[in-house]
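Since the structure comes first, as structure tokens, the remarks are kept for the end.
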Amino acid sequence: MINWKNIEQQLINFLKEQLALTKLENVTVGLSGGLDSAVVAILCKKAFGNNMSCVLMPSQFSSQSSIDDAKKLCEKFDIKYEIVNISPMIDAYINNMNNDKLRIGNYSARVRMSVLYDISSRDASIVVGTSNKSELLLGYGTIFGDIACAINPIGQIYKSDEFEFAKYLGVIEEIISKKPSADLWEGQTDEGELGYTYKQMDDVLKLLVDENKSKEEIVVLGHDGNLVDMLKYRIKANKFKGKLPVIANIKWS
């Protein structure tokens, strides 16, 4: 059993220490109505009280339930929030994307991060990230979009474990029970796109990453070899998303 009380305190301390290093006093969280941002918002509320706020950024592709759930969470925990509708920003460019759902989704994620950073500038705050360990390992996020942030308190928590943490923190049932989704288009779900549940993927990721086991060892334990191959490929192919841009090392003489 994971000691979530201990994890909670570690993450609250982390948030306080990292903010103190910036000499700022406020943090900003993009709240989507999903599990990850709900967990981060609650942690920030516990760490900073009224010195934190959330931004809800629906587009024409967002579900009403996501907006409603985000607002309900804020009301339960007395979290300040504002709503910025990004539909006009998407409309201004959408004709250039040839109805490509992936391009529209990535563009939407980058627009949201632009809004978040503008609001953080307005409020003299830092942006707190909401990507979990599963997403970061698999590259399941948009570079310079939802992955972008100043600090990230949940980047070492696997998605399948995070549900338990969310229950411990008191995240509302509507958010805990919904299928994980980036809400990039109607009916989109993470597991539908990836082809496996987070539990299936995380069980293998823990063996691959945390225990450094080979494919053969993992298959012997009863896991799907195709799943192992997919995860290994995604980890390698998307590793660049977690790195700073590579700058050429010039030899001047």
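These numbers were taken from a predicted model, which means no experiment stands behind them.
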Residues [X] and [Y]: side-chain donor-acceptor under 3.5 angstrom:
| X | Y | value |
| --- | --- | --- |
| Asn132 | Asp36 | yes |
| Tyr140 | Asn238 | no |
| Ser160 | Asp202 | yes |
| Asp210 | Tyr158 | yes |
| Asp91 | Gln60 | yes |

key: Salt-bridge contact Lys72-Glu174 (side-chain N to carboxylate O under 4.0 Å)   =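 Salt bridge between Lys72 and Glu174, a charged N being under 4.0 Å from a carboxylate O: yes.
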
ask   = Thinking salt bridges, do Glu82 and Arg122 make one under a 4.0 Å N-O criterion?
value = yes

query = With a 4.5 Å heavy-atom cut-off, do Val228 and Leu231 have their side chains touching?
reply =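 No, every pair of side-chain atoms sits at 4.5 Å or beyond.
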
query = Going through the distances and angles, do Ser59 and Ser108 end up as a side-chain hydrogen bond (donor to acceptor under 3.5 Å, both in side chains)?
reply = CA-CA 8 Å; Ser59 75; Ser108 300; 5.0 Å; no

inquiry  = Using the rule side-chain contact (heavy atoms from CB on, under 4.5 Å), only one of Val127, Val128, Val40 pairs with Val27; which is it?
reply    =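 Between Val27 and the candidates, side-chain contact (heavy atoms from CB on, under 4.5 Å) is satisfied uniquely by Val128.
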
For Asp118, all residues meeting side chain to side chain donor-acceptor pair (under 3.5 Å), sequence neighbours excluded = none

message = For Ser120 and Thr28: C-alpha separation, side-chain torsions, deciding distance, then whether side-chain hydrogen bond (donor to acceptor under 3.5 Å, both in side chains) applies.
response = CA-CA 6 Å; Ser120 76; Thr28 301; 5.6 Å; no

request  = Could I get the full list of side-chain contact (heavy atoms from CB on, under 4.5 Å) partners for Asn3, not counting sequence neighbours?
outcome  =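 Asn3: side-chain contact (heavy atoms from CB on, under 4.5 Å) contacts with Lys5, Asn6.
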
